[in-house]
There are 4 protein chains.
Amino acid sequence: MTQARAPRADAVRNRRKILTAAGEQITQHGPEVGMDEIAAAAGVAVGTLYRHFPTKTDLVAAVVAECVARVADDAEAVLARVADGARAADELTAFLGRVIEQSVTDRAVKAAAQTLGAEPGDHVDEDRGSNAVAAVIRAGQSDGDIHPDVTVSDIYLLFSTAPTDQPPAARGRWLALVLPGLTTGARPVGNRC
Amino acid sequence: MTQARAPRADAVRNRRKILTAAGEQITQHGPEVGMDEIAAAAGVAVGTLYRHFPTKTDLVAAVVAECVARVADDAEAVLARVADGARAADELTAFLGRVIEQSVTDRAVKAAAQTLGAEPGDHVDEDRGSNAVAAVIRAGQSDGDIHPDVTVSDIYLLFSTAPTDQPPAARGRWLALVLPGLTTGARPVGNRC
Amino acid sequence: MTQARAPRADAVRNRRKILTAAGEQITQHGPEVGMDEIAAAAGVAVGTLYRHFPTKTDLVAAVVAECVARVADDAEAVLARVADGARAADELTAFLGRVIEQSVTDRAVKAAAQTLGAEPGDHVDEDRGSNAVAAVIRAGQSDGDIHPDVTVSDIYLLFSTAPTDQPPAARGRWLALVLPGLTTGARPVGNRC
Amino acid sequence: MTQARAPRADAVRNRRKILTAAGEQITQHGPEVGMDEIAAAAGVAVGTLYRHFPTKTDLVAAVVAECVARVADDAEAVLARVADGARAADELTAFLGRVIEQSVTDRAVKAAAQTLGAEPGDHVDEDRGSNAVAAVIRAGQSDGDIHPDVTVSDIYLLFSTAPTDQPPAARGRWLALVLPGLTTGARPVGNRC
DNA sequence: AATGAATGAGCATTCATTCAT
DNA sequence: CATGAATGAATGCTCATTCAT
């Protein structure tokens, strides 16, 4: 298990440029941007792009994977704060809100993932996130703030249905509508809209 | 001289075949199905398809309009039952569930509508549905079963975010998670998943 | 050889409407107007149009034939005036100018004829025109005003190359440039442009 | 760092093949030849054709530009000979004849240019030609062989109306008819036809 | 390993023409 | 006879992907 044949310093740099550019392009113009456009935005030729990602689907999957990693980081930070004494239910709520806001930017990415049936390449980051969220949920349930039957799947389910393409007011209202299903706290009153 | 002078019985039949086929094709293969494919599925030539719908966007708009009309019919039926003494909150819940199930079929249609920026031609059916749902909500609020701040927009917001592409179990769970945001009743326990 | 089965009064009317409409449409929008458009302009259905002219080429040919007939009428009027004592060279010059101006309107028609390789159906009118022009030329040659080697073909050749799509100034200048090739008179000086 | 960094020897070759093929196809079948047909004639795929000329209009414009360049070259050669002592009026006449003959090949190209509203990209070649012709005209006028009011526009006007679609005999006759409008020399007698 | 030219199936749309009503 | 719905080949153009340089 030596490393995979190291010194492609520029190849690594290219991969980064491509992923960044792909994220931006897809976010801005939707998943139907051409590969040529992404390549141009990354400052490489299409050929190079295809060397790194043999298929458009693969590229999109990689972009999606990055999202997942970012969310996992957030989830682990949440868990750390909860371990430090923060209230789990509050943190989870805030987390939910944050992820939704992030998805707004990445809406097209989500669409892309669906459209192309992109599968996240490796599940490492997904698992990191899941484990952290699970721990937070357990903490909230111990506090009596989160319904005992709530699971990580529920959180994912809500993520995947967040109204990312709606105006901020609608997103806020949606969170208010959905929260009572998770927490035992008093129902917040009609967040605008 | 009242009729629109139309002995084109077969033209009407074709229009129906096209709308049906378009709904099916879009549902099954997403909004990027070719017009040729839709035409083939409808058993007509492309030209015929274009005679009835001058643009792909128009076709999709028509398909969407049908969905809306169906939902509006359902909403009015609900209202009728409520007027007949049925419990508004229960009816609303069932209605929500039914629409979600229906959307499963029409998920791609919804996507298509968004993708192509299709505008529903006339808003008559949309308004029919809205009015009926509003009346049902008011009834539920009088009963004390529906939260006083719930509006028709909330219902639409939930429709538009329903997990139509998830397995049935997930859809059921989603409904369970979302209901407490609408109704005052006891929270139902974890519908599987 | 009785007549061809007479009483289609409305059929005759339709034929006229179609020819007129076709002329207008082709003139205004060029020869690539659709048959549907022509039919609509004529106030009939395409089917009717096709009953009268089995092919688009045929329609165009008929429109062209009408042009030819108009020119032939003009030529015969010219001949009549010459027989009445008018100066043949002057009349011919004016005739040339008139036909060119007329072609301006019918430019698209000319293009259509070329594009579709339309053949004038019967040559009756063509011959009428030719005979009249020939007689006028002979008269002018007797006067010594028209070069002895000028023929009807020359006139046709010039017709067919008139700059119908140029501004009036250019058309005038063209006539001035071309006239010395026909007449023996003093060369007119640079008609603008 | 002077060159445009271009080792695409084959791309250049393809561009040439495409231009040649396009010229031929348009000449033979008119401007409505399909892009596919042109591509096939050039021995490349449509995509390649579109890489070189993003639009049919662009292709046609390029083909037309080549014509213009060829004529400009001819005009400059004429001017050179005149400067060397050749008789300007004779050279101009011969030039006119040559261009007409060349236009025979490019007749459809001209039509195509009109049809598609193709604009010659840069006017460099057009100006080269104009300047050379203007100088030749001036020389002929000094000799007293060309009418003093003749301008470059006149030459262009005649070019644009040359009977390129007529048989050779007609083209010769046309030249004979038109020449007296330009030159002061004795009128040539009826060149056949 | 990077480049970018080439490929070609695919797409939405048009239109002359046919034929059932 | 007229109508207009149906046909389907054709068109200009796009874009994921391959491959010679």
Side-chain angles (χ1 to χ4, degrees), chain A residues 7-8 10-11 14 32-40 43-59 116, chain B residues 5-15 18 32-40 43-59 116, chain C residues 8 10-11 14 32-40 43-59 116, chain D residues 5-15 18 32-40 43-57 59 116:
Chain A
R8 64 275 185 153
D10 62 331
N14 269 346
E32 52 292 339
V33 262
M35 291 296 261
D36 286 25
E37 240 138 341
I38 294 175
V44 303
V46 247
T48 304
L49 191 158
Y50 272 93
R51 171 167 297 275
H52 288 278
F53 304 94
T55 274
K56 187 175 189 176
T57 302
D58 292 324
L59 212 207
L116 295 168
Chain B
R5 189 59 67 190
R8 61 269 187 158
D10 58 333
V12 170
R13 198 158 41 246
N14 268 343
R15 199 190 149 90
I18 290 171
E32 52 289 342
V33 260
M35 291 294 261
D36 286 26
E37 243 138 340
I38 294 175
V44 302
V46 243
T48 304
L49 192 159
Y50 274 94
R51 167 172 285 270
H52 287 279
F53 303 96
T55 278
K56 188 174 190 176
T57 302
D58 291 326
L59 213 206
L116 294 168
Chain C
R8 64 274 185 152
D10 60 333
N14 270 345
E32 51 294 340
V33 263
M35 292 296 261
D36 286 26
E37 241 138 340
I38 295 174
V44 302
V46 247
T48 305
L49 191 159
Y50 273 92
R51 171 166 297 275
H52 288 278
F53 304 94
T55 274
K56 187 175 190 178
T57 302
D58 291 324
L59 212 206
L116 295 168
Chain D
R5 189 58 69 190
R8 62 268 188 160
D10 59 333
V12 170
R13 200 158 39 247
N14 268 344
R15 198 188 151 89
I18 290 171
E32 53 287 344
V33 260
M35 291 296 260
D36 287 25
E37 242 138 341
I38 294 175
V44 302
V46 244
T48 303
L49 193 158
Y50 274 95
R51 167 173 285 270
H52 287 278
F53 304 94
T55 278
K56 187 173 191 178
T57 302
L59 212 207
L116 294 167

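So you know, we letter chains A, B, ... as the sequences are listed, proteins then strands, and number each from 1.
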Minimal non-hydrogen separation, B:F53 against B:I18, with atom names: CE1-CG2, 3.7 Å
Heavy-atom pair of closest approach, residues A:A39 and A:A45: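 Taking A:A39 first and A:A45 second, the nearest heavy atoms are CB-C, 4.0 Å.
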Pick out the pairs of N or O atoms, protein on one side and nucleotides 16-18 of chain E on the other, that lie under 3.5 Å.
from	atom 1	to	atom 2	distance (Å)
E:dA16	OP1	C:K56	NZ	2.8
E:dA16	OP2	C:M35	N	2.8
E:dT17	OP2	C:Y50	OH	3.4
E:dT17	OP2	C:K56	N	3.0

Nearest-angstrom distance from the residue atom CD1 of D:I38 to C1' of F:dA10: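 Going from D:I38 (CD1) to F:dA10 (C1'), I get 14 Å.
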Interatomic distance where CZ belongs to B:F53 and C1' belongs to E:dA12 [whole Å]: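 After rounding, the reported distance stands at 16 Å.
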Interatomic distance, C:I38 atom CD1 to C:K56 atom NZ [nearest 0.5 angstrom]: 6.0 Å
From D:R51 atom CZ to D:T48 atom OG1, the distance as rounded to the nearest 0.5 Å: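 Interatomic distance, D:R51 CZ to D:T48 OG1, rounded to 0.5 Å: 8.0 Å.
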For DNA chain F, the dot-bracket pattern of Watson-Crick and G-U pairs whose distances stay under 3.5 Å, | for other-strand partners: .||||||||||||||||||||
At less than 4.0 Å, is any side-chain N or O atom of [X] found next to OP1 or OP2 of [N]? Yes or no.
X: B:H52; N: F:dA6; value: yes
X: D:T48; N: E:dA5; value: no
X: B:N14; N: F:dA5; value: no

Set of side chain to side chain contact (heavy atoms under 4.5 Å, CB included) partners for D:A11, sequence neighbours left out: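 Applying side chain to side chain contact (heavy atoms under 4.5 Å, CB included) to D:A11 gives D:R8, D:H52.
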Partners passing side chain to side chain contact (heavy atoms under 4.5 Å, CB included) against B:Y50 (at least two apart in sequence or in another chain): B:M35, B:V46
hbond_proxy A:R51 side chain to E:dA1 base (donor-acceptor, 3.5 Å cutoff): no
A:E37 vs C:V44, nearer the 5' end of DNA chain F by closest nucleotide: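 Nearest nucleotide further toward 5': that of C:V44.
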